[in-house]
Structure formats: structure tokens, C-alpha cells
Amino acid sequence: MTKFVYDFAEGDRDQKDLLGGKGANLAEMTNLGLPVPPGFTITTEACRVYLAEGSEPPGLADEVTEHLVALEKAMGKQLGQADDPLLVSVRSGAKFSMPGMMETVLNVGLNDHSVHGLASQAGDDRFAWDSYRRLIQMFGATVLGIEAEHFGDALEDAKKAKGTTNDLDLDAGDFTALVETFKGVVREHAGRDFPQDPREQMDLAIRAVFDSWNSPRAHIYRRQERIPADLGTAVSVCSMVFGNLGMDSGTGVAFTRDPASGEQGIYGDYLQNAQGEDVVAGIRNTLHLTELERIDKAAYDELLGIMTTLERHYRDLCDIEFTIERGKLWMLQTRVGKRTAAAAFTVAVQLVDEGLIDMDEALQRVTGHQLAQLMFPRFDRDAEKERLTTGMNASPGAASGIAVFDSPTAVRRAKAGEKVLLVRRETNPDDLDGMIAAEGVLTSRGGRTSHAAVVARGMGKTAVCGAEELEVDVRAKKMTTPDGREIVEGDTISIDGTNGEVYLGEVPVVSSPVMAWFEGTSRERDELVDAVDRIMQHADGVRRLRVRANADTGEDSALARTFGAEGIGLCRTEHMFLGERRELVENLVLAETRDEREKQLQALLPLQIEDFTAIYRAMAGLPVTIRLLDPPLHEFLPDYTDLSVEVALDRERGQLTEEKEELLANVRRLHEQNPMLGLRGVRLGIAVPGLFAMQIRAITRAAATLAAEGVTVLPEIMVPLVGTVQELQAVAAEIAEVVAEPESAVDGKPVEHQVGTMIELPRAALVAAQIAETAQFFSFGTNDLTQTTWGFSRDDVESSFFSEYLETGIFGVSPFESLDTEGVGELVEIASWRGREVRHDLKLGICGEHGGDPDSVHFFHRAGLDYVSCSPFRVPVARLEAGRAATSPEG
Ligand code: PEP
Ligand code: MG
């Protein structure tokens, strides 16, 4: 029979799938001998059965009873026992941490009788009634689905009646009265009484945790973080310890290193006389953890010792939740802590230096997404700026946008194309979609471990938290600075998540230190730059995939080279024919005689030679793949509709010339319904005689000239959109002819070059064996291959049904962003095998946008490609991910 319940002493940290992160780590800590309050965990499997069947799996209730009895025996008291109650917390905990997304109920077991027992055991009436009202409040909101505000408003009223804003000023009598009020709220809004039976409380709380897996905010969070929707959550039932038993009690959250920068030191928040969720919710302003040394030295020292133990044991930065109950320290949770991109790099290298991990593992501890974040710009320190206030630097980055004070507005205005900053007193899980939509988050309350800070760091969003001087009035949609200035919705502000500063207006940005280091504009090495450098060097040393860049100017090529590009994987030549040169191409396309055509080609040839020379120089010694002209013809012709209107107007005014009329006729003749599938790529080269020959001539002549100067040039001529080998053969013959011309020779021999093709059509992938007879290399054009495999055109579909497909989960991620490995990827693999069977040294590359996408890079590594090519700015990311792919335990 399936086992659904595990005692904390039964599991370990590797059982996250089954016990969830929280349950697995509670088990690990228990087995390490750390002070964990006893309890048990109900598996994610039980949750999955419940969610599928709509009821708890048979046998679960009995198993829970068995473990509860054992727990009661160990604790020497029964759940809800009237004179000395055992109380438990019921907590959610999925495989992947989803901060604040699911539910928790504390103090389960309190009722009208046991509240007296708790009071006399603790010798503290206030504490007992406060705990009871918390239970009704949490249970009411979480289990019975009552709007949390009904309880919050009642609490506020009680404080107002007392003439205070601080819940610490409420006494036992106030809380006793509040319990009655809360019971009334339950009756009114849930249509039932608050359950007095402790076991019923527990069972309903467990069910509510199961259900919370499917809450809308959990759905949004999972989509954002790409967490599979079918994992389910585990439920940990833990005996309660109390941080709200007086000033010698408290609760806190801590990190073993700074989760924002990675610096070593003491990082955390502590709140005296408070219970669990108060810290994370940012309800009261917390103390810095170092203050605990003054408050309770013994507990502080023990805590630091435990943090060292955990770090050595997990070999990583850990975060923990703890409670001190009358001087006794209890560990409530630990996990490998979420961190910023900067902290990920610095901590990984610190751990290498401490001998805890090796460089291969360090490489696995960082990601290309994180590296990309470190390359984002930061505010210009020297720019004039007007500082409004300073808060806590909770999540680094530089963000500007208009201030908005609620999430729906943030979502709406961001959708309309505005950059927004979400400003709140504090955030809660319902703000999730607002946070996703915003450039950054600013809160006036809460610390580095508040909801806003934790979630923003997880998302890589800039955040400044706890800017206490700001008076945020969410209802009036404004905030007020200490000197009385008002910022209202729509005003532009900027926040610096690296130093916590808040500015008025938009502050100009400059390259980040990591970016400046990549660009070579700064050789300043701080701990972060040093960490990035060491990890990049390691990645370069271990990776098998080469990384090239897509660039079509000498300037971009040079930039790509500073980023570590090992050649050009795609030089798109169409950009060279826009602007002033468009007319030459227009004339070429519309030319009616050979002479006319030849004239245009002669004009274009020297320009193209110049273009290629610049790129070859920037990439001296490295391969340069130049693609012959690809886009649909109409891109070089006047717009059909505009021209029709112009002609009609001219005609009306009696000014229509014969040339214009003829031009319109030609444009009409060449107009296509589906240009993406029309006269483009190799088809164009064949249909417009001399066009490809001119380009080939420029490629080989520029190369020959530079080679004669002693520059090493390695041109690779690439033919786009080939569907059958005959097309490629036709162009290859043209190439052979041009290369035989004396101007293409160096020392009497034809200049060195290769001929290859793009694989952008499913047919090309399937007949790859035939194509490989002629092609020396394949470069997968996964942009077009995605379009042609799926049968949709990117320009049309991205703005029409894609958002719906993503929302409903038909797509986990857009196939244009991350390679569709099952479909398009299969074609890549088929073409690779078939091609290499015929030509063993067939060079394989990819130059679609996927070349810079982390997940896709791993796929291309596994598929055995030789290189990926991506835009210059993504080259470092691709290098890193290629290194990670080569050292990944999954291969
Ligand atoms: C491709 O199709 O993947 C490609 C690189 O070509 P383009 O994006 O220029 O069509
Ligand atoms: Mg293409």
C-alpha cells in the first residue's frame, strides 16, 4: 500500500518530489540533530490523488491518525487537549519553493476550551487569546475562503478603539473580544460556526493546503517560473512553538550569506514577540538579525553555529526560518536560498575557494538568465538626479517607470506599453501579476525578507523595500516624501535596487560593471566581475559547442568579438541593401534588359566589397558565414498600397507619369499574398540573374584582396531557404564560376572558401543526405524552420493567438523563444544524422534566435552541433550555457 505520511525523522533532502522542499529539509535537519519541533509530512502524491479524485486517498485519514498519535505521545499531550493543548501548524511545501503562493494555518487545536489551557500553561492570557484569534483569522481566510479584509478591518477597528496602531498595545481583553468578533465574521460569511473539534480543524486545514495548489496566484507563479502544473504540494504538520510568548520570544528569517550581493556576513530579520508569518508579511518593521546578539546572546550564538552547519552540509547558501520560544531556539525551515544573479556568481566562486564545490559544480550553480541580468545597464552615477528617499536594496537593478499603486493598474498600463513601477506599502501574493508586469517594485515597509523582496529576487526584478520615510497611500494613489512632496499615479520615478535609492524622473543608465568588462571598456575587477570571469573561463575551457555571432557590419562584428564570438555564423546581407541602396536593388529587380541589370550590379559590387571587407577585418582568423540575399522581393519595392493611392491621386490631378504607372504595374505583378512563403531565398537568386553572382564576387574578391595583405579570411558562402539539392547545385555552379575568375585568386589559386546551406524547410531536413553531397556545412535557420514546421508566420501569430496559447498552457513557452525540441528539434536531429552519414566532417551550426536561448543551447549541445550563432549581446550567455551543457549531469 502506498505510504502517504512520513515522520520528520523518516525522510531526507533528496525526497523533494515526494515530501516537498519544506518537508524534505525538515527531515534533513531532524536527522542532523538540529532542534526541529516534531511533526510529519503528507506527501505530494496524496495531494495529486486528492486533486485528481476530488477526495482524499483512502487510508490517508488512518495514516494521519497513526502519526498524530505518535506525535501526541512524544509531546505528552493531545491535539487540542483542554488543560494543556498540543497545537500544530499545517504548512504547504511544494517541490519548488513558491513563496507565499500557497497556504499555511497556525495554532490548529485551539478552541473555546483549550484556549484556557494554553493560557494557564503559558501563564499568559494575552498570548493565548492572540493565538486563538490568529487561528480563526487564518482558518477563516484560508480554509473557509472568507475575504481576509473582514478580519483585517475588525483588527484595525479594535486598535482604533484603543487609540493605537500597534497590535502590541492590545491586551488579553481586547483579544478575547476580537475572538468573538471573528467568530461572528465566520458565521456571517461562511454560513457555519468556526469548528471547535481540533481534528476537524486539522483535516480541513490539510485539505485547504491541497486546494491552494490550484489558487489563481499559484497558477500565475508557476507559469512565470515554469514550474510544472501537476506536481502538487506536500503538507507538513508541525508541533507549534511560539514566538509570541513575550519579549524573550520572537521569530526570524536569516540567510547564511547576503542573498543580494553574496557577501559573507549576518543577514536576516528578527521580530520580537511575533509569530511566523509576521516577518515575511512585513507587518511590523523588523530588527536586523545582529540585534539578536544583544537581546539573547545564547540563542544568537546557537543560531550562528547552526547556520554554519547547514552551509557546510548543503554546500550552498541557505535560508532559514526560526523561532525563539522563551529563550529556546527552534528551526522551522531551511532550504537552499533564492538569490540574485550577482549573489549566484559570487557565492559559487566563494564556495569553490572554501573547498566545498569544484568549478564544474560552480558552473551548474549559475545560469545564462542570471548572466544576462548582470549585463543589464545600471544608473549613471554622474548623472544629475533628484533623490526622493532611500530604502533597502532588496533586489538589484535599475528601473524607471511611472508610479502605480495597485496591481490591476500596473497590469493594464504595462499592457498598453507603458513602463510601470509598482509602489505598495507592502506586497502580498495577490500582487504577483502586478509585479510581473512592472519594471520594478518599491515598498515602504518590510525588510530584505519581506514578500516583495523575496519574490522580486526570484524573478530578477529590481526592488527597493522598506523605504519607511515614504507615506504610501494606495487608496489615494499617491505617495508623500518626508519633505511633503507628492508623487501621484503616472509620475515617473526611478529605483536603484543596488543601493536602495529612489529618484524623481527617469535617470540615465550606463553599462553595468560586468558589461563594461565584457566590452573591454573597463578592466576594473570587483568580487562580482572576478567571479564572472572565472566562471566564464571555466565554461570556455569545458564547452564543446563553439559560439559565433549574427552580425552584418564591421562594427557589430568587432563588438561580438569582444564578447567572445568565435566567428560570424550569419551575416544577413539584406540590411546592406536598405537606405540609399534600396533604389539600386529596386532598379535591378525592375530592369527589363540585360544592360540595365548589369549597370545596377556594377554599382552594387564595390559597395558589397566594402561591406565584407570590414567584417573580414574584424573577424580576422575566424570563419565568416555570409548569407546570399534572402528576403521577399517586395521589401525592396515601394509599398503596393501607398503606391496605388499615389497613382490614383496623380491621375485625378492629371499628373500621372508613364513611369509611375509602369512601376505600379510591376509592383502589382510582384505582389505576393504570403511573401514569407514566396519569392525569396535561393528562389530569388535563381529568378534574378546575376544577383547572387554579384554577391559571390564581392565575397571572394574582398577575401582575395585581404588574403593578399596577409589577413587570414575564412569565408563561408551560405545559400538560404534551399528545399532541394538542385537549387543548391545551381548556386554552387555559379560560385565555382566566380571563384575561377582571376580577381578571386590569391597567388594564382582560388581563394579559400566553403559552400553551404541553411536548413530552414522541413523538406530540406528530410533530404539532408542529398543536400550534404553539395553542402560543406548546414546552418539551421530555426526561425524559419519553426515557422515552416508549425505552418504559421511569426509576424502574424505572435500578436494574434500566442498570448492565449501561453495563458491556457497550450504552449509552455513560445517556440520562437525556446526551441520546440519535439518537433523542430527532431528535424534538426534528422538532418544532422542524415547529413553526416554522407559527409562525416559536415559542419553543423544554428543561426536562428534560439542560438542564444539557454534551454535551446543545451539541446544543440546534445544534438552534436558544432556551433551556435546568436546576436552579439547574447554571446556570453551562449558561452556560459554551452559550458553548463558540457558539464551538466544530465548531459
Ligand atoms: C532563420 O530563419 O532562422 C534565420 C536565421 O534566418 P532569418 O531569421 O533571417 O529568416
Ligand atoms: Mg530564415
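These numbers were taken from a predicted model, which means no experiment stands behind them. Just so you know, ligand 1 is whichever comes first in the structure, and atom 1 is the first atom listed for that ligand.
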If only side-chain N and O atoms count, and only distance matters, is there a donor-acceptor pair under 3.5 Å linking [Y] with [X]?
| X | Y | value |
| --- | --- | --- |
| Gln537 | Asp540 | no |
| Ser779 | Arg627 | no |
| Glu519 | Ser511 | yes |
| Asp853 | Ser818 | yes |

Tell me which N, O or S atom from Asp784 is the closest to the Mg ion (ligand 2). OD2
Nearest non-hydrogen protein atom to atom 9 (O) of ligand 1, with distance, is Arg572 NE, 2.7 Å
Give me the residue, atom name and distance of the protein heavy atom closest to atom 10 (O) of ligand 1. Asp784 OD2, 2.9 Å
Taking 4.0 angstrom as the limit and counting only heavy atoms of [X], give me the atoms of ligand 1 inside it, by number and element.
| X | value |
| --- | --- |
| Gly781 | 1 (C), 2 (O), 3 (O) |
| Leu570 | 5 (C) |
| Cys847 | 5 (C) |
| Asn783 | 1 (C), 2 (O), 3 (O), 4 (C), 5 (C), 8 (O) |

Is it true that atom CD of Glu596 has more than 12 heavy atoms of other residues, nucleotides or ligands lying nearer than 6.0 Å? yes
Under 3.5 Å between some N or O of ligand 1 and some N or O of Thr782? yes
Whether Glu849 lies under 4.0 Å from ligand 1, heavy atom: no
Can you tell me if Arg627 contacts ligand 1 (heavy atom of the residue under 4.0 Å from the ligand)? yes
Could you tell me whether Arg226 and Asp855 make a salt bridge, using a distance below 4.0 angstrom between a side-chain N and a carboxylate O? yes
Decide, yes or no, whether a salt bridge links Glu610 with Arg617 under the criterion of side-chain N to carboxylate O below 4.0 Å. no
Heavy-atom distances under 4.0 Å decide this one: backbone, side chain, both or neither, for Asn550 against ligand 1? neither
Could you tell me whether the side chain of Ser800 and the main chain of Val797 form a donor-acceptor pair under 3.5 Å? yes
May I ask you to check whether Glu760 brings an N, O or S atom to under 2.8 Å from the Mg ion (ligand 2)? yes
